[in-house]
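This report concerns only the one structure given below.
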Amino acid sequence: MNKEQLNAATEDMIEWLSHPAELGKAPAKIECAGEFDLYEMHYYIFKYKKSMLGKWLLGVCGGYEENELENCGHVFSEMEEYNEATAVEQATALVENVRQYYMDRENELEKRKENPGTFVNYVLLSEVKWDKASFLRDLNETWGIEDESPEDNDGDENDNTIVISYKGAMLAVSFMPAPIPNGEAEYSVARNFMWKDGTEQVKKHKAHILIAVIGKELSPVENGITLVKAVVSACKQEGVLGIYTGDIVYEPTYYLKFSESLKEDRFPISDLVWVGLYNSENGLCGYTAGMRNFGYDEMEVLDSGAEPIELLDLLTGIANYVITEDVILNEGETIGFTAEQKLPITKSRGVAVEGDSLKIEY
């Protein structure tokens, strides 16, 4: 057994379990209970306890190549009871499930990039109720958005669903009387470094409004703007707790603040592309989430010496430039906002994002 690799796996398992969407804290006790190989990669089986008097539960961590200390991200637990006789079989099944999830997710991300212009957001609500009439009224009075083909919806008596034809696009809005499934929103809000009590707020949601914009007659930019307008109108409902994009959960006042750019005929980049920041051992890192919806690669800056606001502004500025000017950035090129600034661009496997990303050296 590679003790150094095992230590790294143990740390990763504890970190995963400590996430607010999982245990929310480190396990009371954790032990390595075995190891196995699958798809030419190495895995460690863990048994852990939520509390000292609790049952042993099963977890798996791995996807290690030879003596590497970084795994491929296969860290998971369904918090099922540990059984020594079936542990390898159970752990193998967990790996297969995680592996399939990542393959499906990567295919979905590539489809987003290849078919840009489809947007889906979810407005999280504290109560299982919504006012459909007030939403439609605000959509029309504030933004001038109304159904251009009302005859297509004749006879639709579903008070929870709205389908609007607008400038060649379809705006679909559905009230869902249940939380976002599988704890997705709770997991994603933890990435929002600007919202300290985001996890606690998002956990309170009991229902959500699904808002989707689909259509190829409008450009991805126009579709994105239509989405933001619809979300802003939905945010006037009672008890709005957050806006989940599939990548991140926005705090409502933050989202509404940046939507104000629409009144000045500016693109609401910060509502459509999230820029995340985190610290590594070698500096401040940043990444985008949302570029693929427009047909572009996500971007990352790794191990920089920049200040947080500096890196935030840099990635936001590049994202806005790429989307609004329809610029394709390629590996081997440089980008800059002055004649002297020439930031090299490379492309490789994402660090903080799934799939490949453009790395901008800063």
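Other residues, nucleotides and ligands contribute only 12 or fewer heavy atoms inside 6.0 Å of the CD atom of E89. Under a cut-off of 6.0 angstrom, the local environment of CD in E331 is crowded, with over 12 non-hydrogen atoms contributed by other residues, nucleotides or ligands. No more than 12 heavy atoms of other residues, nucleotides or ligands shown are found within 6.0 angstrom of NZ on K50. F258 CZ: more than 12 foreign heavy atoms inside a 6.0 Å radius. Around atom CD of E310, more than 12 heavy atoms belonging to other residues, nucleotides or ligands sit under 6.0 Å away. Atom CD1 of I328 has more than 12 neighbouring heavy atoms from other residues, nucleotides or ligands inside a 6.0 Å radius.
Donor-acceptor pairing under 3.5 Å is recorded for the side chains of E96 and Y39. In the model, N121 has no side-chain atom that pairs as donor or acceptor with a side-chain atom of T245 under 3.5 Å. Between the side chains of H42 and Q5, not a single donor N or O lies within less than 3.5 Å of an accepting N or O. In this structure, a donor-acceptor pair under 3.5 Å is present between the side chains of K359 and S348.
Checked against V249 for a side-chain contact (heavy atoms from CB on, under 4.5 Å), the options L241, I243, N192, V202 give a single hit: V202.
Shown here are the side-chain hydrogen bond (donor to acceptor under 3.5 Å, both in side chains) partners of T10, two or more places apart in sequence or in another chain: there are none. Qualifying ring pair (Phe, Tyr, Trp, His ring centres under 6.0 Å) partners for W195, counting only residues two or more places apart in sequence or in other chains: none.
Taking the ring centroids of Y321 and F267, they lie at or beyond the 6.0 Å cut-off. Aromatic ring centres of Y244 and H208: separated by at least 6.0 Å.
Side-chain atoms of E307 and L311, non-hydrogen and from C-beta on, never get closer than 4.5 Å to each other.
Proximity of a side-chain donor or acceptor of D138 to a complementary backbone N or O of S134 within less than 3.5 Å is not detected.
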- prompt: Checking side-chain hydrogen bond (donor to acceptor under 3.5 Å, both in side chains) for the pair H19/Y187: CA distance, chi angles, key distance, verdict?
  reply: CA-CA 8 Å; H19 192 281; Y187 188 85; 4.8 Å; no
